[in-house]
Amino acid sequence: MKRVGVIGGGQLAWMMGDAAKKLGVKLVVQTPSSDDPAVAIAQDAVFAKVDDAISTGILAQKTDVITFENEFVNLDSLSVVENQGVCFRPRLAALTPLLDKYNQRCYLKDLGLPVPRFFAVEQPENLQSQIEDLGFPVVLKSRRHGYDGQGTFIIQDLADLQQKLNLHITNNDISQSQFLIEEFVPFERELAIIAARSVEGEVVTYPVVETQQEEQVCRRVIAPADITPNQAAEIEAIAHTLLNSLQVVGVFGIELFLTAAGKILVNEIAPRTHNSGHFSLDACETSQFEQHLRVVCGLPLGNPALHSASAVMVNLLGYEISKSDYQNQRQKLAEIPQAFVHWYGKTESRPGRKLGHVTVLVDHQNRDVISTIAQTIESIWYPTRKFPY
Ligand code: ADP
């Protein structure tokens, strides 16, 4: 029996529950509240924020290895724990270049991987000329702690940019160097790939998927993406280069843009399991969550292949403040043929909050039919008013 400590107790840790049972792994989570989803499936918990390294030291005493479902940790204080001999998978050095979006872009660029043009907001006096090189619109991003589009702003002109920066500086008392600016990529589609690398250095990748965002938040994922074999090979090669370069032991989600001209650019790396891989729970031989536990425990990698022709995953996002558990809607969703409803058990719903997801397995790859299934799910889940309001 292996004991795995997980930093974070949200839905990503919650979805490790079944795989942990199957593999005989004991899970202990570090998470702030006893209401957090993964507390229900964990054998034990350390109740603390994810960036509380002293509590991670306590987590280490209860476990053999520590991994992450949330990367918003404090690497400096965590490295003290690692230096005491605690095993982190991925090790902290593999996370160091990734946690700040500017550093991450630099790392990818230095590796020769294709990324949008970008620069760090450092000297306000140079801002105008740097932006002129890119041309509006541009994308302003918080360098740290961005998720689900929080901290990502599409900026149309200089006045808009100055207003956003001033707003952030005065509201949050943070300096301009905490932002990066990059070219707006007029992508045709967004894609993603989940990749896992084992202790032995073997890498496997899941099928490339299409992700559909609205207001910068993932709404739907279609597996596999409708792309050429060359494009799929290019994306798999990006995943191999990145994971091997970082020598990472873990599971990563890689988000990409596909332009109308067929060019692929890397948008973002998540150093953990990812929303774009949730379909794998029901649609693949080995889910990304089982794969994560396998690599962390030093077990052989599982087969990531799809066992249906395709699958569509739809996020169930909150659209109101409520304590409802939405039994009625969940029941209707479960009646869709080949549907698997996953409900994270969060105690409160808020607009945009990820409350659950539905995956439907499909025995063909007809895009129109797949879109209709996604629409059916959303019409059951969302009230008649369109979200986001
Ligand atoms: P987060 O870390 O909050 O998920 P991302 O950087 O992934 O932020 O951005 C969220 C979404 O915003 C992306 O999925 C995409 O739809 C849009 N976006 C981000 N960067 C760009 C860009 N450079 N050009 C066009 N759209 C972008």
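Order of appearance sets the numbers: ligands from 1, and atoms from 1 within every ligand.
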inquiry  = Are H278 and F340 an aromatic pair, judged by ring center distance below 6.0 Å?
reply    = no
### Query
Taking atom CG of D325 as the centre, does the number of heavy atoms from other residues, nucleotides or ligands within less than 6.0 Å exceed 12?
yes
*asked:* Grouping I, L, V, M, F, W and Y whenever their side-chain heavy atoms are under 4.5 Å apart, do L333 and V360 come out in a common cluster?
replied: yes
heavy-atom search around atom 3 (O) of ligand 1 in the protein gives G149 N, 2.6 Å
- [ ] Answer yes or no: is there an ion pair linking D160 with K164, defined by an N-O contact shorter than 4.0 Å?
- [x] yes
Note: T211, heavy atoms under 4.0 Å from ligand 1, region reported as neither
With heavy atoms and a 4.0 Å threshold, my read on which part of K101 contacts ligand 1 is side chain
Counting from 1 in the order shown, the ligand 1 atoms closer than 4.0 Å to a non-hydrogen atom of E255 are 7 (O)
So the atoms of ligand 1 within less than 4.0 Å of a heavy atom of F187 turn out to be 16 (O), 25 (C), 26 (N)
If you compare F257, F184, F153 by their heavy atoms, the one closest to atom 27 (C) of ligand 1 turns out to be F257
Open item on the list: Does N328 have more than 12 heavy atoms from other residues, nucleotides or ligands lying within 6.0 Å of its CG?
Closed with: no
- Query: V185 to ligand 1: N or O pair under 3.5 Å?
  - Reply: yes
Can you confirm whether K49 is buried at NZ, in the sense that more than 12 heavy atoms of other residues, nucleotides or ligands lie under 6.0 Å from that atom?
no
In ligand 1, the atoms that come under 4.0 Å of a heavy atom of G146 are 2 (O), 3 (O)
So OG of S55 and CD of Q30: to nearest 0.5 Å the spacing works out to 5.5 Å
Candidates E182, Q150, H274, E268; heavy atom nearest atom 5 (P) of ligand 1 found on E268
Please check if any side-chain donor atom of N315 sits under 3.5 Å from a side-chain acceptor atom of R220, or the reverse. no
The protein heavy atom nearest to atom 22 (C) of ligand 1 is V139 CG2, 3.5 Å
Residue, atom and distance of the protein heavy atom nearest atom 19 (C) of ligand 1 read K141 NZ, 3.5 Å
Nearest non-hydrogen contact to atom 13 (C) of ligand 1 from the set Q104, Q213, Q216, E190 belongs to E190
